[in-house]
J.: 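Take this structure first; my questions come after.
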Protein chains: 2
Amino acid sequence: MASAMRSSLSRSIEDYLKAILELQSEGTPAQTSAIADSLAVAPPSVSGMLKRLSEAGFIEYEPYKGVVLTAVGRRAALKIVRRHRILESYLMSKLGYDWDTVHDEAERLEHAVSDQLIERMAMALGHPRYDPHGAPIPTTAGDIERPDHVSLTDIPVGRIAELRMVGDKDPERLRYLATLGLKPGATFEVLSRQPFHGPVAIRVAGPMPRDQIVGYELAETLWCSMVEEEVG
Amino acid sequence: MASAMRSSLSRSIEDYLKAILELQSEGTPAQTSAIADSLAVAPPSVSGMLKRLSEAGFIEYEPYKGVVLTAVGRRAALKIVRRHRILESYLMSKLGYDWDTVHDEAERLEHAVSDQLIERMAMALGHPRYDPHGAPIPTTAGDIERPDHVSLTDIPVGRIAELRMVGDKDPERLRYLATLGLKPGATFEVLSRQPFHGPVAIRVAGPMPRDQIVGYELAETLWCSMVEEEVG
DNA sequence: ATCCAAAGTTAGGCAAGACGAATTCAGGAG
DNA sequence: CTCCTGAATTCGTCTTGCCTAACTTTGGAT
């Protein structure tokens, strides 16, 4: 039985793979400087690590041309993402963590937990498909749901939409969103939009509907799906 | 407020401090080679680390004479021990871990969890005073109960005793103890003892009392307190 | 009082990762 | 086609922590 051995990649390698997975989205290879920013290290550190990751077979690396994950690298990265999202779900659901403070804790734990622990947590939660931010949780097989939502900045004025996922990670902005009642599952109507990347006005549905202004930068990170118009 | 900053000692340092704490018990300083064995590293690695720990103020180090923790080092070590024991308790109580498999998971997590997470787990458990092996859990203030139990090898024949704590860490022996019904809280009578460090025979109390033979090495790790004789 | 074995330490290296400084490449402006 | 700028890489170095080999100290046996 090829059971749950902890192949135990170093913490650094796991962090690099996760960053590359997030940056290479949509076919574009990840850039060295973007990885450096994402991990808060200097570019030469990234170049050095890319060479090691390439030799280890995790990435396809053509110097000066950016980097994409191999199948092996992608699987490894998705495993970390699964850990992170199960951890966030568990900490919020079972240990009273807040939406905005849970990220850092999960960030450290994701490198230390065993597969067994993650699966026990997943079971205790009833195998959730989305984490508290609305992001899909990769399966143990390494599949992840391809999201079909669009940014709030792309919802036409007058439409009703449902918030599906919050991309922002900044605790302060997450706290702000919580005060607006804007968490995954909330529905709202787009009231108006300022031109030239201006803020968006929405009316959040609920027992006490309330109008809110959302800055463009934040709106870009709110991923939504449009709700069917009443036909007739 | 001096709140829960993660002073974040390196994993290595935490491991060394924990090992020294366990080895220096009863006034005797910890020996270099004992630390090396305990951490599965070579003696020169220990010498090197002892110098660093000493400079950092965690230990009192006199070359060739062994090592004892300073007050600062002891506090740091007890903090790790608290983390470990709360983790073991939580994993068993809330996530279905077994008595014999929980150690390794806790061993990795104890270096990654925040103080906040440990306190939330402790609260969820109702602030337990002992871990699943019967070992006392240090308080957040850094105090630990001084155990008053004695080894099974020191209980006179004919006495009734209660198992308070299992010192062994080997999963196989822990599984074996579980099959005997020997976990903290169990009571038994010492039936006989072979001379010259031979095995001990006991009768475990319970709905179905059963006689068992316990090897000397294992018996040494079973910490018990004698139960009052019936007076009269 | 001496000597020897065991325990401990020093010396010298190696690997992982990070850094700043200096160099090289790629791609757009002219 | 050439040049320039910004991104990326190479180079040399640092820190942490581990190792083996060689040396030193300690303390018990004689």
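Lettering follows sequence order; numbering is per chain, from 1. Note that the coordinates shown come from a computational prediction; the quantities given were computed from them, not determined experimentally.
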J.: Nearest-Å distance, CG (A:D15) to P (C:dA16)?
T.: 17 Å

J.: Kindly write out the residues that satisfy side-chain hydrogen bond (donor to acceptor under 3.5 Å, both in side chains) with B:D15, not counting sequence neighbours, or none if the list is empty.
T.: B:R11, B:H111

J.: Rounding to a whole Å, what distance do you find between A:L53:CG and D:dT9:C1'?
T.: 16 Å

J.: Would you please name every residue forming a ring pair (Phe, Tyr, Trp, His ring centres under 6.0 Å) with A:Y64, sequence neighbours left out?
T.: none

J.: To the nearest Å, give me how far apart CG (B:L23) and P (C:dG8) are.
T.: 12 Å

J.: Please list, chain by chain and in numerical order, all residues satisfying side-chain contact (heavy atoms from CB on, under 4.5 Å) with B:Y130, sequence neighbours excluded.
T.: B:P136, B:E145

J.: Could you name each residue pair satisfying side chain to side chain donor-acceptor pair (under 3.5 Å) that touches residues 87-96 of chain A, not counting sequence neighbours?
T.: A:H84-A:E88, A:E88-A:H103, A:E88-A:H133, A:Y90-B:Y90

J.: Can you list every pair that meets salt bridge (Lys or Arg N to Asp or Glu O under 4.0 Å) and has a residue in residues 95-106 of chain A, with sequence neighbours left out?
T.: A:D100-A:R175, A:E105-A:R108

J.: Output the rounded distance in Å from CG (A:L50) to C1' (D:dA8).
T.: 10 Å

J.: Encode nucleotides 10-22 of chain D as B, S and - characters from 5' to 3', where the letter depends on protein heavy atoms closer than 4.0 Å: B to the base, S only to sugar-phosphate, - to neither.
T.: B------BSBBB-

J.: Grab the CD1-C1' distance between A:I35 and C:dG17 for me, whole Å please.
T.: 15 Å

J.: Kindly say if B:Q31 contacts the phosphate of C:dA7, meaning a side-chain N or O under 4.0 Å from OP1 or OP2.
T.: no

J.: Apply side-chain contact (heavy atoms from CB on, under 4.5 Å) to residues B:R83 and B:I80 and explain how you reach the verdict.
T.: CA-CA 5 Å; B:R83 288 187 193 166; B:I80 311 299; 4.0 Å; yes

